[in-house]
**Student:** 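I'd like to ask some things about the structure below.
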Amino acid sequence: MCVAVARRLGHPDDRVYQYHVACLLHDVSRAGLDRRLFGKIWSWARAHGIPTRPREWRAVHPDTVYGRETEAFLSRYGAELEAAGIPMTAWAREQVEMRLGHARRLRRRLKVVRPALRKLGLRWASWMQDVILYYYYPEKLAKARPWVKQLAEILVACEQFEAYSNQRRGRDYYGRKKESLADAFAYLDKLEQEGILSAPVMAALRKLAGEGAFDATIAAARGVALSRQEKQFMRRLHSGGALCR
């Protein structure tokens with residue numbers, strides 16, 4: 001999905017090749033994720049209105065030392081999680097780090113995988129890490145080159161579009177019982193209003209979705225074929241695009 005949008009927006013093939021690698025590894029910081037435990041912790045947090053991402057946490061708790069969101073979360077809510085039947089073992093704390101300490105864990109995991117990437121003849125560039133971090137740490141790209149930021153936005157848009165359509169993730173992480181394309185695009189529109197996504201990226205995503213480019217991907221995420229109504233919803237998505245700079 002990300003490659004399709006990047007190409008639609010005019011990014012060159014050599015850049016898209018590296019970008020594809022970054023997209024495939026965008027969740028490498030969650031290696032070893034315990035789906036059941038991770039889901040319990042973050043479903044509990046969501047149910048209690050507790051921020052679940054670094055930028056959201058800092059907005060509510062601006063006194064938190066930058067980069068220490070995991071520690072702040074555990075200090076504030078560790079006892080409540082224990083009382084809710086979720087023991088805060090070292091492994092449970094690692095599940096918290098996978099969200100609120102995403103940047104630290106990503107750095108650690110990249111040290112592990114880079115030698116393997118080199119053996120495969122793949123070159124890792126610093127901008128690829130920036131692209132991966134954008135959703136949780138948009139401030140890190142405040143001075144990034146426009147094309148880097150656009151690739152970061154594409155990853156956020158496509159990843160969230162798929163996440164809102166992914167049946168297993170919905171059940172495991174969010175306690176969701178049904179997937180909705182309307183909900184997915186409502187969230188993407190919210191991210192655009194917040195300045196996380198730009199109009200050109202949203203336009204390209206909508207255009208490709210309207211053309212049917214993502215039907216198979218979304219059906220795979222659902223685990224079932226798209227209904228006639230959902231296909232009609234996708235066909236109605238259309239907007240103009242813009243070239244990258």
**Student:** Leu205, Val16: one ILVMFWY side-chain cluster at the under-4.5 Å cut-off?
**Tutor:** no

**Student:** Within the 4.5 Å heavy-atom criterion, are Leu33 and Asp27 side-chain neighbours or not?
**Tutor:** no

**Student:** Would you say the side-chain atoms of Tyr137 pair up with the backbone N or O of Ala103, donor to acceptor, closer than 3.5 Å?
**Tutor:** yes

**Student:** With ring centroids as reference points, do Trp42 and Phe73 lie under 6.0 angstrom apart?
**Tutor:** yes

**Student:** Is it the case that more than 12 heavy atoms not belonging to Tyr17 sit under 6.0 Å from its OH atom?
**Tutor:** no

**Student:** Quick one, Glu230 and Met234 - any side-chain contact, counting heavy atoms below 4.5 Å?
**Tutor:** no

**Student:** Say whether Leu110 and Leu122 are linked into one hydrophobic cluster, either directly or through other cluster members, by side-chain heavy-atom distances under 4.5 angstrom.
**Tutor:** yes

**Student:** Assess the residue pair Asp189 and Arg206 against the criterion (salt bridge (charged side-chain N to carboxylate O under 4.0 Å, His left out)); give the C-alpha distance rounded to whole Å, side-chain angles, the decisive distance to 0.1 Å, and a yes or no.
**Tutor:** CA-CA 11 Å; Asp189 288 341; Arg206 286 178 178 275; 2.8 Å; yes

**Student:** Side chains of Glu69 and Tyr136: any donor to acceptor distance under 3.5 Å?
**Tutor:** no

**Student:** Taking the six-membered ring for Trp and the single ring otherwise, decide whether the centroids of Phe161 and Phe185 are under 6.0 Å apart.
**Tutor:** yes

**Student:** Considering non-hydrogen atoms only, spot the tightest contact between Thr70 and Arg93 and give its length.
**Tutor:** CG2-O, 4.5 Å

**Student:** Could you pull out the closest heavy-atom pair between Ala92 and Pro87, with the gap in Å?
**Tutor:** CB-O, 3.3 Å

**Student:** Mind checking whether Leu151 and Arg15 have side chains closer than 4.5 Å, heavy atoms only?
**Tutor:** yes

**Student:** Salt bridge check, Glu97 against Arg104: does any charged N sit closer than 4.0 Å to a carboxylate O?
**Tutor:** yes

**Student:** We want to know whether Gln150 and His11 form a side-chain donor-acceptor pair, criterion being a heavy-atom distance below 3.5 angstrom.
**Tutor:** yes

**Student:** State, yes or no, whether a side-chain contact exists between His26 and Tyr135 at a heavy-atom distance under 4.5 Å.
**Tutor:** no

**Student:** What about Leu74 and Val60, same hydrophobic cluster or not, with Ile/Leu/Val/Met/Phe/Trp/Tyr joined at side-chain heavy-atom distances under 4.5 Å?
**Tutor:** no

**Student:** Look at the side-chain heavy atoms of Ile, Leu, Val, Met, Phe, Trp and Tyr, link any pair under 4.5 Å apart, and say whether Val21 and Val28 land in one connected group.
**Tutor:** yes

**Student:** Does the distance from a Lys or Arg side-chain N to an Asp or Glu carboxylate O, for Lys40 and Asp34, drop under 4.0 Å?
**Tutor:** no

**Student:** Would you say the side chain of Leu141 lies within less than 4.5 Å of the side chain of Glu153, judging by non-hydrogen atoms?
**Tutor:** no

**Student:** Measure the shortest side-chain to side-chain distance between Tyr19 and Ile154 over non-hydrogen atoms and say whether it is less than 4.5 angstrom.
**Tutor:** yes

**Student:** Please check if Leu120 and Trp124 belong to a single hydrophobic cluster, counting links between Ile, Leu, Val, Met, Phe, Trp and Tyr side chain heavy atoms closer than 4.5 Å.
**Tutor:** yes

**Student:** Picking from Leu191, Leu188, Leu237, what satisfies side chain to side chain contact (heavy atoms under 4.5 Å, CB included) with Met202?
**Tutor:** Leu188

**Student:** Counting C-beta onward and ignoring hydrogens, is there a side-chain heavy-atom pair between Tyr134 and Leu155 closer than 4.5 Å?
**Tutor:** no

**Student:** Inspect the contact between Glu94 and Arg108 and indicate whether a charged nitrogen and a carboxylate oxygen are less than 4.0 angstrom apart.
**Tutor:** yes

**Student:** Apply side-chain contact (heavy atoms from CB on, under 4.5 Å) to residues His102 and Arg30 and explain how you reach the verdict.
**Tutor:** CA-CA 8 Å; His102 175 49; Arg30 290 180 180 169; 5.6 Å; no

